[in-house]
Structures are given as structure tokens and as C-alpha cells.
**Student:** 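Got a structure here, written out as C-alpha cells. Questions coming.
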Number of protein chains: 2
Amino acid sequence: MSEKNVLAEAYKKTPYKVPGHGQRNIQVLKEAIMNIDGETESEMYGKGKVIDDFQAKMAEYLGKETAVFFPSGTMAQQIALRIWCDQKGINKVAYHPLSHLEIHEEDGLKTLHHIESILLADKESVIQLEDVMSLKEEIACLLLELPQREIGGQLPDYKTLENISAYCKQKGIKLHLDGARLFEILPYYQKSAAEVCALFDSVYISFYKGIGGIAGAILAGDKAFSDESKIWKRRHGGDLISLYPYFLSADYYFNQRINKMNQYYEEAKELASYFNKCHVVSTKPLEPVSNMFHVHFHAPKEEMEIILAALYEQSGVGLTSYVREEAESTSYFEVSIGDLYSQVPKQELSKVFNLLNEKMKDISVR
Amino acid sequence: MSEKNVLAEAYKKTPYKVPGHGQRNIQVLKEAIMNIDGETESEMYGKGKVIDDFQAKMAEYLGKETAVFFPSGTMAQQIALRIWCDQKGINKVAYHPLSHLEIHEEDGLKTLHHIESILLADKESVIQLEDVMSLKEEIACLLLELPQREIGGQLPDYKTLENISAYCKQKGIKLHLDGARLFEILPYYQKSAAEVCALFDSVYISFYKGIGGIAGAILAGDKAFSDESKIWKRRHGGDLISLYPYFLSADYYFNQRINKMNQYYEEAKELASYFNKCHVVSTKPLEPVSNMFHVHFHAPKEEMEIILAALYEQSGVGLTSYVREEAESTSYFEVSIGDLYSQVPKQELSKVFNLLNEKMKDISVR
């Protein structure tokens, strides 16, 4: 068994797990549809009461005229950018160097839509107004990801968002929100989703992060935008005869968890402080601004896998199922707080972090 | 209420329905997952035991090296054609003028992949070897849809398929099978799926036609082809974190219905003969070669809607929920035989067709 598997196996066996909502298993679907009347009719290719109802509910929540359900955010966001590019007749957009579109989509935006991306800001920072103002080329659309996931879920000041929005409006640049974790940042900003979305021309949200659904996304904007997005949805092969397994589950878990985002956020701050008290361990951001953050070790991945696997066995508390290499002698992993955190007894938490601190003290920082 | 709704409403109320497997409602999903252990883990972005098992099962059934599950056939087929075009460096493919890609996909193939389509054969005929041989331009791939759905589900002779396959091989043209209804034609050809698929380089099959699943498709071919198709699946936004609601249901209904295709085929022939005995009613093809066919009336849509609605009320047997305009004074609808047909008592069938024949006699053919 590889060391990675040793850690994953040790994690699996822990009675208490710190991140997430629990296992992604078939029970997630079973629970979501259990109480739905079997006679409820499927939508047909995006048409029908069940999908209309959910889309209308999400449009209202986001404060947008219309909302369209998509199988994935990858599809929804490429389409949003394509619509804005076509409208302006410019095949250029700007986003962060670690945007999902740039690093996780096999260059779909470029190979399918022939849209060029301009990377704004340093990899380690969020996009600021100055970055947008310094753009030398004309772009059709600016995409902002809130929070910036790949750097631990960081956020710009709300004032910065307002300034970028005003600047884009003035320059005729469409502003698109990658809101894969939009629900999760509202407690920090102390804003409603509709207030944040009002700064953007189009908005994507996801249902399998903080909400904990199975898959699926909403793309929202004005009616002309949504109508066009449906045509592109069909072109992409996303206009399935039935998407209800996703949006019915999305609706179920939305109702369950939308009011828990503040709890997750407070718990993330608490958990981060536990990590930050440990020797050669730190979180990014130091104080989380959502339910997520990254944990960095000043120790290589292989060493951390052994330490953590032993820690889990001793404490019965799982902190992560994996560790990723960062630099040669540093490593990290990502935490997202969900329903599980509050189920870990406080004394168990203290115990595991005391133990972790002890173990990390043996590491000589190179 | 519009007349279309009058027919649809009358159809809904009939205790017996002739086409299909029954309502597309949430119960279809509930039944499929009812007996699956809730602890079964979801696949993650196309990786994991549940999806591997289903893909391996389908690859074996189709006699191909590998198979990849897709959310839709629209996505799977565009990707197949793109792979073959890229491989040959020619952005041209050929298919029937009424191919799904040409009439139902909002030109995804052209707008996303910049692939040009050459339309082969007359709209009312299936593609013959001569059509392929008469091609003046070089193409990367020929797509054959078996059966040709939009003309009632017609098929070429099997010998023609073999000849086209041999010709394409000789000319270096890739041959792709639009097998949305592949299961349904095997009884007519008296061939296994693997025997038919051996004539093709790549194959798409669907799970919500004869199989009656919720949605989803398989694209099968050799390993290099499948590996590339997975990259394109991600680009299209089809590489969802969880596709299990679709492929678990596909597997469930595949097991239930794959051995009923011969029954559906025999029943389709029986049903077509009932229609063909009625005044100014005929089916296309005259004798079905799968579980599907079209029914043509020598009467306009509006008149047929009134006649059929009255017929359903009198007989309690529903034949179709809609009628489409064909020419000014003719109309038609599509029938696919599923589980419901065998539940209609024979005497009720005789009764409804006697009644239909009576009603159609009052129509003066213009």
C-alpha cells in the first residue's frame, strides 16, 4: 500500500471526521428524493414545473431576472463567457491565474470557444481594482471567483468589489461571478446573495460545495442572457431530457443547509485557530473568510502522511484524507467545513491538536 | 384549452396506453436506486468502482475495448466526430440530412467544433453504399444512425452496412454509429450488439429510449479514443463529480429490458398492422424493423386531434398524446413500443382500431 493510501485508510477508520458533510455515497440521493412523490413528473429538456420552480426560486434568491440549471459549472461558465464575448465581438476575457477555467477544464474555453484568457494578478493574491485598471487590451468580460479557492479561499474587500463593478460598468466590461462558493462567503461580507450578485452581470453558483448536493449549477442573469444560455446548453450536450436527480437534490440540501453558512464560517475560524497554534503549521488565510481554508505544513508530504496516519489512529479524529506536495519541504491540504465539524466533541478536538503539536515539534524546519 | 391540450388531456385519462414504458416521473429513479446500498460510494469525476463496472460491462456488451459514460448523446457524438476529425486533420464529416446532429443540436458541431457536415442521401431514404461512394470531398468520418429515427426508424440491409464498413476502412474514413436505438434493431438484424459494432470504429448508445432509463449515454471505441473522449468530456462540462443517478438507473433498466427487445419488435409489427388496416392511415416503415415507427394520417393535425381525443374517451385506449403537422392535409406521430403495450388487452386493441377505422372513413381524402 502506498503512503497516500495509508493516510486515506487511516482517515476512513476514524470515528470523527473534521471536514465536510460526510461520505459522498448513494444515500445522499436516496435521502433527497425519499419524500418526493413518485408521481411527480420529470421535466422534459429543460421544460416543466419542477425545473421552472427551482430556477425561479434561485433567480429570486440571487436577485436576477432568470436562472437556468446546468449539469456543471464548467459548462455554465464557458457559456457565460461565450455569450459576453459574442455580444461584444471580442474573444478575450480576464480572470485569476488559478481560475477553474484555467487549470481544471482542459482548456475547454480555448478549444471549444476560441476565447483567449488574460491572467490578472499574482497567483498568490486576489484581483484588485488596480489589476483591472492596468489591463492594456480590451476584454469582453472579467470573471471574479469569490472566494479564490486555490489560494485557500481568499476574498477582496467588499469595497474593492464595488469599485471593480463600477469600473467595469463604466468601461463596458461584463462582470461575471464564479460563485461556486457564494453561499459560503455571505456571512463574512454580511451581505445577501442578491446584494453581491447585483454587482455582477451574470452569476454561477454550485450545489455540491457548501450545499452538499450531488452535482449541478445555476447560471443567472437577465432574460436575454438566460435564453441564449439555453441554446448553448443544448450545443454543449447539457440539455438533458431529465436533470431532476440533480436539481431536486440541490433544492433539498439548499433548504437544509443555506442557513448553516454562518455556523460553518464560525467553525472554520475556530478550526483554523487550532491549526495555527501548532508548531510549523499555518492556515491560509490565517483567519478564514468562508467555510474553507488551506492548511500548510513546514514538512514534506511523505512525512506528514506518516504523522497524520499515526495521529488518527491515536486520537480517532480525522483531519484530512490527503496531503499535497507544495514545495520540496512543505505540503498542504484544503479544509471545507460542513455538517461533520459540530459532531466532533470539543475534548476530542483539543486532544488531537495537542497531539499534532507534539508530533510537529519533532520536525526540524529545514 | 388548445386542441393540442385536448388530445394530451384525453390521452392522460386513458386507462390503457399503447406506446412507451409509462410516465417519466420520479418513481423511475426511486425504483432504480431502491435496492442499492446507501453506503455505496459515488464515483468522483469519472473515477471509481461503480462507474468502472458499468463502463466495463457496456464495453463488453458492445465488443469494444473501452466505453465511457456521458451525460448525453449530443455531447458524446460531437466528441466522437471531433476526435476523428482531429486525427485526420480534416474538419468534415458526412451523415443523413435528418441526423440528430443536424436538426436537434442547435448546430453544436459547427459552433463548438467548427466541423462541416456533408448531408448524404435523400431525406426520405437511408444512406446506401452508392451515397458514400459518390462523395466528392474527403471526410474524416461517416456517421450512420441505425435506425434512422426521423423517417420512422428505417434500416439499410445488413449487407449494405458491411459494404459501407469495408469501403470506409479501405478509404481511411472512420465509421461512427449513432446507436441511440441500437438495442432495438438487433432482433431485426438477428445480430449481437458486438457483431454490429464490429463494423464501426466508434459507437454511441442511449439509455432512455428502449431501455427507459433517466438519461445518459455510452461512447465506446478503442482505448486511445476513449482516453481522448474523457478529455473532451471535461472540456464540454460533462465530467460531473457524480453521474451515478444516470448510470445506476441505466444499469437497472438495462438488466430489466435488454431481453425484451425482441418482444417490443414483434409487438411493433403487430401494432403497425392494426394501424395499416385503418382507412387513410399508414405506417412508415410499413413493417417496422425495430420497436418504433411513424403513423401517418391523410388528415390534417387539427382534425386528427379531435378524432383521437373522442376515440380515447370512447375506448379508454390512448394511441398518442400528440399529432404533428406533416403537409397541409396530412399529419403523423411516432410510436415506440415499451412495457405498456403488452398490458393492453387484445379485445380493447381490436375495439379501438375498429373505432378508429370507422372514424377515418368519414374523412374525405383531399
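We name chains A, B, ... by the order of the sequence lines, and we start the count at 1 in each one.
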**Student:** Is H104(A) in contact with chain B via its backbone, its side chain, both, or neither, using a 4.5 Å heavy-atom distance?
**Tutor:**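 Contact with chain B involves both backbone and side-chain atoms of H104(A).
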**Student:** Locate the shortest heavy-atom distance separating S72(A) from G237(B); write the atom from each residue and the value.
**Tutor:**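 Shortest heavy-atom separation between S72(A) and G237(B) comes out as OG-O, 2.6 Å.
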**Student:** Between Q78(A) and chain B, with a heavy-atom cut-off of 4.5 Å, which part of the residue counts as in contact: side chain, backbone, both or neither?
**Tutor:** side chain
**Student:** For L29(B), is it the side chain, the backbone, both or neither that has a heavy atom under 4.5 Å from a heavy atom of chain A?
**Tutor:** both
**Student:** Nearest 0.5 Å, please: how far is CD1 in I33(B) from CD in Q27(A)?
**Tutor:**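 It comes to 8.5 Å.
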**Student:** Looking at I214(B) and P245(A), what are the two nearest heavy atoms and their distance?
**Tutor:**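 Nearest pair, atom of I214(B) first, then P245(A): CG2-CG, 4.2 Å.
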**Student:** Nearest 0.5 angstrom please: D239(A) CG to E105(B) CD, how far?
**Tutor:** 10.5 Å
**Student:** Quick check: closest heavy atoms across R235(A) and E106(B), and the distance to 0.1 Å?
**Tutor:** NE-O, 2.6 Å
**Student:** Taking all non-hydrogen atoms of both residues, which atom of I241(A) and which atom of A215(B) are closest, and how far apart?
**Tutor:** CG2-CB, 4.1 Å
**Student:** Counting only non-hydrogen atoms closer than 4.5 Å, does D37(A) touch chain B with its backbone (N, CA, C, O), its side chain (CB onward), both, or neither?
**Tutor:**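 When you check distances to chain B, only backbone atoms of D37(A) fall under 4.5 Å.
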**Student:** So do R234(B) and T74(A) actually touch side chain to side chain, heavy atoms under 4.5 Å?
**Tutor:** no
**Student:** What part of L112(A) lies closer than 4.5 angstrom to a heavy atom of chain B: side chain, backbone, both or neither?
**Tutor:** both
**Student:** So what's closer than 4.5 Å to chain B heavy atoms on F70(A): side chain, backbone, both or neither?
**Tutor:** neither
**Student:** Identify which part of M34(A) has an atom lying under 4.5 Å from any heavy atom of chain B, answering side chain, backbone, both or neither.
**Tutor:** backbone
**Student:** Please look at E39(A) and chain B and tell me whether the side chain, the backbone, both or neither of the residue comes under 4.5 angstrom of a heavy atom of that chain.
**Tutor:**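 The answer is both parts of E39(A).
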**Student:** Search all heavy atoms of N25(B) against all heavy atoms of G38(A) and return the closest pair with its distance.
**Tutor:**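 So the minimum-distance heavy-atom pair works out to CG-O, 3.1 Å.
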**Student:** Need one label for L243(A): side chain, backbone, both or neither, based on atoms under 4.5 Å from any heavy atom in chain B.
**Tutor:**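 Both the backbone and the side chain of L243(A) come within 4.5 Å of chain B.
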